[in-house]
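Just so we're on the same page: letters track the sequence lines, and every chain starts at 1. Please read these numbers as outputs of a predicted model, since none were measured by experiment.
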Protein chains: 2
Amino acid sequence: MQKNKLYKGSLSTIVLSLLKEQGKMYGYQITREVEKITNGQLKVTEGALYPTLHKLEAKGLLSVEMAKVNNRVRKYYFITEKGKKETANLLNEMKSFISNMEVLINPKLA
Amino acid sequence: MQKNKLYKGSLSTIVLSLLKEQGKMYGYQITREVEKITNGQLKVTEGALYPTLHKLEAKGLLSVEMAKVNNRVRKYYFITEKGKKETANLLNEMKSFISNMEVLINPKLA
DNA sequence: TCTAATACCTAAGCAAATTAGGTATGTAGT
DNA sequence: ACTACATACCTAATTTGCTTAGGTATTAGA
């Protein structure tokens with residue numbers, strides 16, 4: 001099971017899309033969830049994830065709620081209305097990219 | 001017709017894949033061809049392309065042949081054997097990324 | 001007691017785009 | 001002749017956004 005490349009710029013889309021679907025999530029949970037959904041193929045590193053969450057919060061696309069579970073702090077992130085709109089844009093960009101890539105790398109479709 | 005995002009890391013894959021399929025191409029031609037194939041949705045900027053071509057040549061994945069057409073210099077790039085192998089790897093990575101993204105952004109597939 | 005899992009975080013470094021220039025020739029319109 | 005645009009190459013500063021490699025602290029299990 002080899003580790004796969006995360007193309008730069010795609011992490012925000014992954015995070016926002018997950019939060020839009022699954023409601024509240026905390027950082028560590030996102031790393032586990034991505035790994036689970038992709039059968040261990042894609043790993044979101046914490047060094048990339050936490051700065052991304054902070055950036056999305058600073059942009060007003062996510063909001064935070066602190067929780068204490070088992071004496072451990074958890075920061076639950078929620079998507080905002082502004083975040084939902086931006087998610088739709090990012091998903092469209094991602095889908096366009098994918099369809100463009102598919103015609104570019106598949107000579108039969110070109 | 002909006003311009004689409006080029007996720008960082010994907011340009012080498014696009015260039016190598018095109019050259020593998022279409023034989024020799026020169027830089028300016030690649031920018032036109034990508035735009036044409038994607039119906040104007042994806043634009044490869046020259047500021048990204050030329051350094052990428054030079055890098056791929058330095059790695060031995062491409063080779064170059066100069067030509068003079070209409071008193072203008074053209075640098076035709078060809079894919080090497082080493083380049084073909086690397087292209088196969090990059091295409092696999094891209095396909096894995098796409099299938100991972102699709103399950104991540106499409107809740108019905110998860 | 002040691003390790004692994006949970007849960008947060010930052011900082012240095014690096015890769016790869018974007019943006020914004022530059023040179024030079026050929027062609028078409030006014 | 002002047003202008004504008006297409007062709008065809010190029011570089012450099014900047015920005016973005018990862019990877020790598022640390023760090024802290026708590027809980028659970030061998």
Side-chain angles (χ1 to χ4, degrees), chain A residues 2-16 24-36 40 42-59 61-62 64-77 86 90 93-94 97 100-101, chain B residues 2-16 24-36 40 42-59 61-62 64-77 86 90 93-94 97 100-101:
Chain A
Q2 66 152 33
K3 189 177 162 191
N4 278 302
K5 189 189 283 194
L6 181 65
Y7 289 87
K8 293 191 184 179
S10 55
L11 184 53
S12 292
T13 306
I14 291 170
V15 168
L16 285 170
K24 67 176 184 180
M25 290 183 89
Y26 55 98
Y28 187 76
Q29 183 187 11
I30 292 174
T31 68
R32 299 299 121 191
E33 191 67 11
V34 169
E35 206 170 338
K36 186 180 153 199
L42 194 59
K43 294 186 203 292
V44 170
T45 60
E46 300 187 343
L49 179 62
Y50 288 112
T52 295
L53 288 170
H54 301 160
K55 189 191 70 182
L56 295 174
E57 191 201 346
K59 282 186 179 175
L61 307 180
L62 297 182
V64 190
E65 200 174 275
M66 302 291 287
K68 197 150 192 173
V69 180
N70 293 335
N71 214 27
R72 273 200 212 90
V73 172
R74 274 186 195 166
K75 289 176 74 176
Y76 280 101
Y77 287 89
E86 180 60 12
L90 291 178
E93 277 179 6
M94 179 56 73
F97 173 74
N100 284 332
M101 278 308 303
Chain B
Q2 66 153 28
K3 188 178 162 190
N4 278 301
K5 188 189 283 194
L6 181 64
Y7 290 87
K8 292 190 185 178
S10 55
L11 183 54
S12 292
T13 305
I14 292 170
V15 168
L16 285 170
K24 67 176 183 180
M25 292 181 86
Y26 55 99
Y28 187 76
Q29 183 185 14
I30 292 174
T31 68
R32 299 298 123 194
E33 190 66 12
V34 168
E35 206 169 338
K36 186 180 155 198
L42 194 60
K43 293 186 204 292
V44 170
T45 61
E46 299 186 345
L49 178 63
Y50 289 112
T52 296
L53 287 170
H54 301 160
K55 190 192 69 183
L56 294 174
E57 190 201 348
K59 281 185 178 175
L61 307 179
L62 298 181
V64 191
E65 199 172 274
M66 303 292 286
K68 197 150 193 173
V69 180
N70 293 336
N71 214 28
R72 274 199 212 93
V73 171
R74 276 187 194 167
K75 288 176 74 176
Y76 279 101
Y77 287 89
E86 181 60 13
L90 290 177
E93 278 179 6
M94 179 56 73
F97 172 75
N100 284 332
M101 278 309 303

(message) Does B:Arg74 reach a base, just sugar-phosphate, or nothing at all? Heavy atoms under 4.0 Å.
(response) sugar-phosphate
(request) Classify the nucleic acid contact of B:Ser10 as base, sugar-phosphate or nothing, counting any heavy atom under 4.0 Å across all strands shown. (result) sugar-phosphate
Closest heavy-atom pair and its distance - [X], [Y]:
X       : Y       : value
B:Gly27 : B:Leu49 : O-CD2, 3.2 Å
A:Lys55 : A:Ser12 : NZ-OG, 3.5 Å
B:Gln29 : B:Tyr76 : OE1-CE2, 4.3 Å
A:Lys75 : A:Tyr26 : O-CB, 3.2 Å
B:Thr31 : B:Glu46 : CG2-CG, 4.3 Å

(message) Assuming nearest nucleotide by heavy-atom distance, tell me which of B:Glu46 and B:Asn70 is located more 5' along DNA chain C.
(response) B:Glu46
(request) Identify, between A:Arg32 and B:Val44, the residue whose nearest nucleotide on DNA chain C lies closer to the 5' end. (result) A:Arg32
(request) Decide yes or no on side chain to side chain contact (heavy atoms under 4.5 Å, CB included) for A:Leu16 and A:Leu62, but give the supporting numbers first. (result) CA-CA 8 Å; A:Leu16 285 170; A:Leu62 297 182; 3.7 Å; yes
(message) Can you work out whether A:Leu6 or A:Asn71 has the more 5'-proximal nearest nucleotide on DNA chain D?
(response) A:Leu6
(message) Can you tell me which nucleotide in D:dG17, D:dT26, C:dC9 comes closest to the side chain of A:Arg72?
(response) D:dT26
(message) By nearest atom, which of the nucleotides C:dT6, C:dC9, D:dC18 is closest to the A:Thr52 side chain?
(response) D:dC18
[X] vs [N]: side-chain N/O to OP1/OP2 distance below 4.0 Å:
X       : N      : result
A:Lys55 : D:dG17 : yes
B:Tyr28 : D:dT7  : yes
B:Ser12 : C:dA16 : no
A:His54 : C:dT10 : yes

Whole angstrom is fine here: how far is it from [atom1] in [X] over to [atom2] in [N]?
X       : N      : atom1 : atom2 : result
A:Met25 : C:dC8  : CE    : P     : 11 Å
B:Gln29 : D:dA6  : CD    : P     : 18 Å
A:Tyr26 : C:dT6  : OH    : C1'   : 8 Å
A:Lys5  : D:dG17 : NZ    : C1'   : 14 Å
B:Asn4  : C:dA17 : CG    : P     : 16 Å
B:Glu57 : D:dC10 : CD    : P     : 9 Å
B:Tyr50 : D:dA12 : OH    : P     : 16 Å
A:Leu53 : D:dG17 : CG    : P     : 14 Å

Produce the list of close N/O pairs, under 3.5 Å, pairing protein atoms with atoms of nucleotides 11-13 of chain C; give distances to one decimal.
none

(request) Find out whether A:Phe97 and B:Lys5 are in side-chain contact, i.e. whether some heavy atom of one side chain is under 4.5 Å from a heavy atom of the other. (result) no
(request) Please step through side chain to side chain contact (heavy atoms under 4.5 Å, CB included) for the pair A:Met94 and B:Tyr7, ending with a clear verdict. (result) CA-CA 9 Å; A:Met94 179 56 73; B:Tyr7 290 87; 3.6 Å; yes
